Amino acid sequence: MTALRPLLTAAAAATLLSALWFVPSAKAAPAPDAPRHATTATATEDRLADTGSVDTTPYVVGGTAFLGLGAGFVAYSVRRESVTD
């Protein structure tokens, strides 16, 4: 079974990456038919932040958390493998 484990891991990674390929990307742009400089209340709702720039704080925090979680899994796996040897 240990010889089959890397193959299963590679297959799972390939499946995940191919599934993510079809996820549409989010664009922070107004609809093409919307006026560019409208001053109505509905046009101001399309802004992402008061400064007009994207607030990346949730993405940085989430990415850091997932990176830490992944590093923890790798450390656990390496420690578990060295104990069983």
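Values in this document were obtained by computation on a predicted structure and should not be read as measured data.
Grouping Ile, Leu, Val, Met, Phe, Trp and Tyr by side-chain contacts under 4.5 Å, direct or through others, puts V74 with V78.
A donor-acceptor pair is defined here as one N or O able to donate and one able to accept, closer than 3.5 Å; no such pair exists between the side chain of S77 and the backbone of F73.
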Kindly list each side-chain donor-acceptor pair under 3.5 angstrom involving residues 10-18, sequence neighbours excluded, with atom names and distances?
unit_1 : atom_1 : unit_2 : atom_2 : d
T15    : OG1    : A11    : O      : 2.8
S18    : OG     : A14    : O      : 3.0
S18    : OG     : T15    : O      : 2.9

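Note on residues 57-74: pairs passing side-chain hydrogen bond (donor to acceptor under 3.5 Å, both in side chains), not counting sequence neighbours, are D55-T57.
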